[in-house]
There are 2 protein chains.
Amino acid sequence: MSLTQKTRLQATRKRFIEAGGHTTQSFGFGRIIGQIYALLYLHPEPMCLDDIGTELGVSKASVSISIRQLEAWSAVKRHWIKGDRRDFYEAETNFNNLLRNGLLEMLRKKLDTAGAQITLAESTLTEALNEPNGDERDELEVVAARLKQAKQFHNRISGLLSNPLVNHIL
Amino acid sequence: MSLTQKTRLQATRKRFIEAGGHTTQSFGFGRIIGQIYALLYLHPEPMCLDDIGTELGVSKASVSISIRQLEAWSAVKRHWIKGDRRDFYEAETNFNNLLRNGLLEMLRKKLDTAGAQITLAESTLTEALNEPNGDERDELEVVAARLKQAKQFHNRISGLLSNPLVNHIL
DNA sequence: ATGTGCGTTTAGTCAAAACTAAACGAAATA
DNA sequence: TATTTCGTTTAGTTTTGACTAAACGCACAT
């Protein structure tokens with residue numbers, strides 16, 4: 001392989017890996033997660049923890065933690081090699097699965113906890129509403145109305161995420 | 001107003017505000033942003049910077065910075081009060097606008113920069129591909145194929161965000 | 001059993017982000 | 001012009017969380 005080809009391939013890899021790290025960073029997951037995925041995505045063969053760490057210049061511990069996150073999102077798959085005790089990983093190249101099991105699943109969880117909070121607030125308020133009139137009854141009802149509106153919106157979004165049509169589009 | 005009513009109203013407010021802060025925090029924006037929005041959302045009248053800061057127990061500077069972010073997302077609106085030099089703010093209760101101008105807009109920007117990076121990587125690689133054969137031609141083509149696939153997925157998602165049908169559902 | 005080679009856990013470090021206090025500039029008031 | 005009252009900027013502090021080195025536990029081999 002010519003020197004220029006090699007250099008350009010390395011440059012391409014490096015750029016893509018940096019971009020991956022930058023992207024996950026901007027979404028609030030660390031930088032390493034994106035870098036690992038990008039590295040595996042462009043790598044023809046599965047890689048082990050040590051090689052990944054060496055390639056990216058980070059510790060094995062970081063790789064271990066990050067790769068478990070990626071596994072939980074179905075973004076990488078373990079690859080068994082007979083006679084080798086090490087764990088090898090390759091990227092899940094099917095972005096649809098990645099989207100469904102990763103991003104959307106996370107979104108769902110966050111929506112759930114948010115929804116639970118709203119419900120909790122609502123029920124606390126309902127107790128107050130059932131009592132005989134007080135001198136700030138109006139305000140009480142304004143808050144109740146807003147909470148109700150928030151819950152409606154929450155339900156709409158939740159419904160959207162479990163809508164089979166929407167899920168098919170993604 | 002009875003004491004129990006007052007207590008419960010305050011408890012409801014507090015819980016809702018904390019939940020709001022927690023939510024925005026989990027999405028990588030600060031805690032204060034969500035707290036301010038939640039406070040304004042449950043507050044019948046527009047509030048000024050100082051009152052917001054006092055209510056949440058944070059400095060006016062923090063409120064100033066955060067509320068400009070909220071304004072950029074159309075999540076709050078300025079409310080002019082004649083004869084008062086202070087800026088008053090109220091929550092945008094239309095969640096659809098909020099979604100469109102806030103979350104989706106942000107998503108669009110991140111997709112754009114990610115797409116630009118992929119394109120850049122692709123063009124760097126294309127130069128190498130146009131050269132005569134080298135001894136790692138195969139690997140070069142694997143990387144090229146992966147980049148192409150990534151770009152396709154990126155385009156699909158971008159298209160989805162500007163799809164009028166999808167935009168209408170949201 | 002003992003040693004070796006893994007992945008994981010933990011305790012600690014360090015850098016980046018959040019947040020504050022204080023200084024500042026602009027606009028209204030006197 | 002001097003003063004007051006805002007919102008913003010800035011410089012410094014605190015907090016958070018990313019990351020590492022080292023210890024650990026487990027499984028297999030000898």
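As a basis for the values below, the full set of heavy atoms in this structure was taken, side chains included, without hydrogen atoms, waters or symmetry mates. Convention: sequence-line order gives letters A, B, ...; per-chain numbering from 1. Since we're looking at a predicted model, the values are computed, not measured.
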Quiz item: Taking the inter-plane angle between the rings of B:Phe29 and B:Trp73 on a 0 to 90° scale, is it parallel (under 30°), tilted (30 to 60°) or perpendicular (over 60°)?
Solution: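 Perpendicular, since the angle between the ring planes exceeds 60°.
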Under the 3.5 angstrom rule, does the side chain of [X] hit a backbone N or O of [Y] as a donor-acceptor pair?
X        : Y        : result
B:Ser123 : B:Leu120 : yes
A:Arg146 : B:Tyr41  : yes
A:Arg108 : A:Leu161 : yes
A:Thr119 : A:Gly115 : yes

Quiz item: Under the salt bridge (charged side-chain N to carboxylate O under 4.0 Å, His left out) criterion, do B:Glu139 and A:Arg13 qualify, and how do the steps go?
Solution: CA-CA 12 Å; B:Glu139 194 182 352; A:Arg13 274 228 182 80; 2.5 Å; yes
Quiz item: What residues form a side-chain hydrogen bond (donor to acceptor under 3.5 Å, both in side chains) with A:Glu90, not counting sequence neighbours?
Solution: none
Quiz item: Can you list the residues that meet the side-chain hydrogen bond (donor to acceptor under 3.5 Å, both in side chains) rule with A:Ser62, with sequence neighbours excluded?
Solution: A:Ser59
Quiz prompt | Global bending angle along the helix from C:dA1-D:dT30 to C:dA30-D:dT1, which compares the axes of five pairs at either end, to 10 degrees | solution = 10°
Using whole Å, report how far [atom1] of [X] lies from [atom2] of [N].
X       : N      : atom1 : atom2 : value
B:Lys82 : C:dA28 : NZ    : C1'   : 16 Å
B:Gln69 : C:dA18 : CD    : P     : 10 Å
A:Asp84 : C:dG5  : CG    : P     : 12 Å
B:Arg68 : C:dA18 : CZ    : P     : 14 Å

Practice problem: Name the nucleic acid region contacted by A:Arg86, choosing base, sugar-phosphate or nothing; use a 4.0 angstrom heavy-atom cut-off, strictly under. | Solution: sugar-phosphate
Quiz prompt | Range on DNA chain D touched by chain B, heavy atoms, distance below 4.0 Å | solution =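 Terminal contacting nucleotides, 5' to 3': D:dT4 to D:dT9.
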Self-check item: Cluster check B:Phe95, A:Ile118: I/L/V/M/F/W/Y, side chain < 4.5 angstrom
Solution: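 Yes: a chain of side-chain contacts under 4.5 Å links B:Phe95 to A:Ile118.
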Self-check item: Those residues of residues 20-44 of chain B lying under 4.0 Å from DNA chain D by at least one heavy atom
Solution: none
Quiz item: Between B:Arg78 and B:Glu71, is the closest basic N to carboxylate O distance under 4.0 Å?
Solution: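 Salt bridge present between B:Glu71 and B:Arg78.
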Self-check item: Salt-bridge criterion met for A:Arg8 and B:Glu127 (N-O under 4.0 Å)
Solution: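 Looking at A:Arg8 and B:Glu127, the cut-off is met.
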Quiz item: Of the residues in residues 55-66 of chain A, which ones touch DNA chain C at a heavy-atom distance under 4.0 Å?
Solution: A:Lys60, A:Ala61, A:Ser64
Practice problem: Consider only side-chain N and O atoms of A:Arg100 and A:Asn94, and report whether a donor and an acceptor are under 3.5 Å apart. | Solution: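 Their side chains do not contain a donor-acceptor pair, so the 3.5 Å distance test is not met.
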Exercise. Please confirm whether A:Lys110 makes a cation-pi placement over B:Phe27, using NZ or CZ under 6.0 Å from the six-membered ring centre and within 45° of the ring normal.
Key: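 The answer is yes; both the distance and angle limits are met.
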